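Reading through the structure tokens given below for one structure.
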Amino acid sequence: MQFIIDSLSKSYSKKEVLKKVSFTFESGKIYGLLGRNGAGKTTLFNCLNGDIPRDGGDFWFSEAGARRAVRPDDIGYVLSTPTVPEFLTGREFLKFFLDINAASIPDPRPLDDYLGYIGIEPADRDRLMKDYSHGMKNKMQMLVNIVARPPLLLLDEPLTSLDVVVAEEMKGMLRQIKDGRIILFSTHILDLALDLCDEIILLSHGELEEVDKENLGSAAFKEKIIAALREEGGEAHG
């Protein structure tokens, strides 16, 4: 399976954020979408998820050479700031999600199996999520996307504000679930992208460019990437 973006564009007023972006993503890989803050990573995700209208271009899945339109349930979106119903407990939220998606989840497991897998301790499973830490809310947000199994998973800097232990747990989960999925992992941290991702894509000046990870092993090439991002930041603030 492939996910294909063709000439996707988006502007805000006179600023062209995405300039006819085109790329082909392959199933079974984690793609690091690398770019400085304000480069357009969230704008790209919001266009793909349908949260904001695109100005032009299209995107679709290709399966066995056949084009297929993207449906809403094809995309999972994990935001950097977790959005969960804080008036529910973790267990209630997961049960509600399983109930409303029963038709598309053919082999549901017991609630405690899921909560244990994601690392929510038994003592926390019946607490209101308003009392959860940022990392725990992030885990719950990730869990429903693991359960739903969308073929395309958009992760908008989900590890940036997590402590080291939780971040390592989340990276391990992403490596476990990538088979059969396309995962786009947005970050502005180069070393994180190198550690987790199979492919690196640079979003700079409104365009996507694939970066050879072998080249990134050299200090000179890293400096080149950082210089490009610094230059874009100067233009954005100039």
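On a predicted model such as this, the values are computed, not experimentally measured, just so you know. All values below were derived from every heavy atom in this structure, side-chain atoms included, with hydrogens, water molecules and symmetry-related copies excluded. Residues take their numbers from the sequence shown, with the count starting at 1.
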Can you get from Trp60 to Phe25 by hopping between Ile, Leu, Val, Met, Phe, Trp and Tyr side chains that sit under 4.5 Å apart? no

Do Ile4 and Leu208 belong to the same hydrophobic cluster, where Ile, Leu, Val, Met, Phe, Trp and Tyr are linked whenever their side-chain heavy atoms lie under 4.5 Å apart, directly or via other members? no

cation_pi(Lys10, Tyr12) dist<6.0 Å, angle<=45: yes

Has Asn101 got a side-chain atom pairing as donor or acceptor with Leu98's backbone, closer than 3.5 angstrom? no

Pairing of Lys19 and Glu207 as salt bridge, 4.0 angstrom limit: no

Run through Thr89, Leu111, Leu94, Asp112 and flag the one making a side-chain contact (heavy atoms from CB on, under 4.5 Å) with Arg125. Asp112

Flag yes if Phe87 and Leu128 sit in one hydrophobic cluster, no otherwise; membership is Ile, Leu, Val, Met, Phe, Trp, Tyr, and two members link when side-chain heavy atoms are under 4.5 Å apart. no

So that I can tick it off, tell me whether Asp131 and Lys137 are bridged by a salt bridge, with the cut-off set at under 4.0 angstrom between side-chain N and carboxylate O. no

With the side chain counted from C-beta on, respond yes when Asp58 and Arg67 share a heavy-atom pair under 4.5 Å apart, and no when they do not. yes

Taking the side chain as everything from C-beta on, heavy atoms only, tell me whether Ile200 gets closer than 4.5 Å to Glu210. no

In short, Ser7 meets Ser22 closest at the heavy-atom pair N-OG, 2.8 Å

Hey, could you give me the CG/CG distance between Leu155 and Leu196, rounded to the nearest 0.5 Å? 8.5 Å

Below 4.0 angstrom, N of the basic side chain to O of the carboxylate: do Lys41 and Asp156 qualify? no

Phe61: ring-ring contact (aromatic ring centres under 6.0 Å, His included) partners, not counting sequence neighbours: Phe3

With a 4.0 Å cut-off on N to O distance, would you call Asp107 and Arg149 a salt bridge? yes

Please check this pair: side chain of Asp51 against backbone of Cys47, looking for a donor-acceptor N/O pair closer than 3.5 Å. no

Could you check whether Glu92 pairs with Lys95 (Lys NZ or Arg NE/NH1/NH2 to Asp/Glu carboxylate O, under 4.0 Å)? no

Taken to the nearest 0.5 Å, the spacing of Thr187 OG1 from Leu33 CG works out to 9.5 Å

Interatomic distance, CD1@Ile183 vs OG@Ser27, rounded to 0.5 Å, equals 9.5 Å

Using side chain to side chain contact (heavy atoms under 4.5 Å, CB included), reason through Thr43 and Leu18 one step at a time and then give a plain yes or no. CA-CA 8 Å; Thr43 294; Leu18 302 175; 4.1 Å; yes

Determine whether Val78 and Leu154 make a side-chain contact, defined as any pair of heavy atoms from C-beta on separated by less than 4.5 Å. no

Out of curiosity, Asp124 CG to Met129 CE, how far, rounded to the nearest 0.5 Å? 12.5 Å

Between Ser133 (side chain) and Met136 (backbone), is there a donor-acceptor pair under 3.5 Å? yes

Residues Asp195, Arg175: salt bridge by 4.0 Å N-O rule: yes

CA sep, side-chain torsions, deciding dist, call: Phe23, Glu209, side chain to side chain contact (heavy atoms under 4.5 Å, CB included): CA-CA 9 Å; Phe23 206 85; Glu209 175 187 354; over 6 Å; no

With a 4.5 Å cut-off on side-chain heavy atoms, are Arg54 and Leu48 touching? no

Working note: Ser186 + Phe45, criterion side chain to side chain contact (heavy atoms under 4.5 Å, CB included); need CA distance, chi angles, decisive distance, verdict. CA-CA 9 Å; Ser186 160; Phe45 281 3; 3.6 Å; yes

Ignoring hydrogens, what is the shortest heavy-atom contact between Pro151 and Met1? Give both atom names and the distance. CB-CE, 3.6 Å

Can you name the residues that form a ring-ring contact (aromatic ring centres under 6.0 Å, His included) with Phe185, not counting sequence neighbours? none

Scan Ile75, Leu153, Leu152 and name whichever one has a side-chain contact (heavy atoms from CB on, under 4.5 Å) with Leu184. Leu152

Minimum-distance pair of heavy atoms, taken over all atoms of Phe93 and Leu88: CA-CD1, 4.0 Å

Taking C-beta and beyond as the side chain, do Leu115 and Glu121 meet within less than 4.5 Å on heavy atoms? no

Indicate yes or no for a side-chain donor-acceptor contact from Ser9 to the backbone of Gly56 under 3.5 Å, with no hydrogens or angles considered. yes

Is Asp198 paired with Lys178 through a side-chain N to carboxylate O contact shorter than 4.0 Å? yes

Does a side-chain heavy-atom distance below 4.5 Å link Gln141 with Pro82? yes

Keeping Tyr132 on the side-chain end and Asn138 on the backbone end, is there a donor-acceptor pair under 3.5 Å? no

List the steps and the verdict of side chain to side chain contact (heavy atoms under 4.5 Å, CB included) for Val147 and Arg109. CA-CA 9 Å; Val147 172; Arg109 293 158 51 187; over 6 Å; no

Taking C-beta and beyond as the side chain, do Ile177 and Asn145 meet within less than 4.5 Å on heavy atoms? no

Hey, are Tyr77 and Asn46 close enough side-chain-wise for a donor-acceptor pair under 3.5 Å? yes

Indicate if Phe96 and Ile118 have the same hydrophobic cluster label, given that clusters are the connected sets of ILVMFWY residues with side-chain heavy-atom separations under 4.5 angstrom. no

Quick one: do Lys29 and Glu26 satisfy salt bridge (Lys or Arg N to Asp or Glu O under 4.0 Å)? Show the steps, please. CA-CA 6 Å; Lys29 291 184 177 182; Glu26 303 284 343; over 6 Å; no

Decide yes or no for Phe97 and Ile105: does some side-chain heavy atom of the first lie under 4.5 Å from some side-chain heavy atom of the second? yes

For Glu169, enumerate each residue passing the salt bridge (Lys or Arg N to Asp or Glu O under 4.0 Å) test, keeping only those at least two apart in sequence or located in another chain. Lys139

List the steps and the verdict of salt bridge (Lys or Arg N to Asp or Glu O under 4.0 Å) for Asp6 and Lys20. CA-CA 7 Å; Asp6 182 34; Lys20 294 187 176 181; over 6 Å; no

